[in-house]
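The figures that follow rest on heavy atoms only: side chains count, while hydrogens, waters and symmetry mates do not. Quick caveat: nothing in here was measured; it's all calculated off a predicted structure.
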Amino acid sequence: MPRPNKLNVPTKCYNLLFPIEQWDKLAKMAHERAKTELEQVSVADLIRDAVDLYIHVIEQEDEDEKTGTEG
């Protein structure tokens, strides 16, 4: 049975190399989160969450810079 589609938006595939140590840590985190959330959580889910957070922070910094305010 194929994995369900989690993203309901247009997507792009990107091949990324990780140090094994980082991958192992993410895999363990995904496994633990899947147990607590009672649904499949993959390393890719964690990476997408991290990218979303990074984008949010950068956009907030840019907005603060434009308005002359700080976080």
[X] side, atom [atom1]; [Y] side, atom [atom2] - distance, nearest 0.5 Å:
X: I47; Y: Q22; atom1: CD1; atom2: CD; answer: 9.0 Å
X: K6; Y: R48; atom1: NZ; atom2: CZ; answer: 6.5 Å
X: H31; Y: T36; atom1: NE2; atom2: OG1; answer: 10.5 Å

So salt bridge (Lys or Arg N to Asp or Glu O under 4.0 Å) across residues 9-23, not counting sequence neighbours, yields E21-K25
Notebook entry, point to check: Should we say atom CD1 of I20 is surrounded by more than 12 heavy atoms from elsewhere, each under 6.0 Å from it?
Noted result: no
Q.
Would you say CG of L16 has more than 12 non-hydrogen atoms from neighbouring residues, nucleotides or ligands within 6.0 angstrom?
A. yes
Inset, instruction - For the pair V57 and Q60, evaluate side-chain contact (heavy atoms from CB on, under 4.5 Å) and give the outcome as yes or no after the intermediate values. - result: CA-CA 5 Å; V57 168; Q60 187 63 51; 5.7 Å; no
Residues E63 and K66 bridged, charged N to O under 4.0 Å
no
In short, S42 meets A30 closest at the heavy-atom pair C-CB, 3.8 Å
Heavy-atom closest pair (V41 atom, D45 atom, distance to 0.1 Å) is CA-OD2, 3.4 Å
Are the side chains of L46 and R33 in contact, using a 4.5 Å heavy-atom criterion? yes
| request: Report yes if some heavy atom in the side chain of F18 is under 4.5 Å from a heavy atom in the side chain of V43; otherwise report no. | output: no
**Asked** Are I55 and V9 grouped together when hydrophobic residues (ILVMFWY) are joined by side-chain heavy atoms under 4.5 angstrom apart?
**Response** no
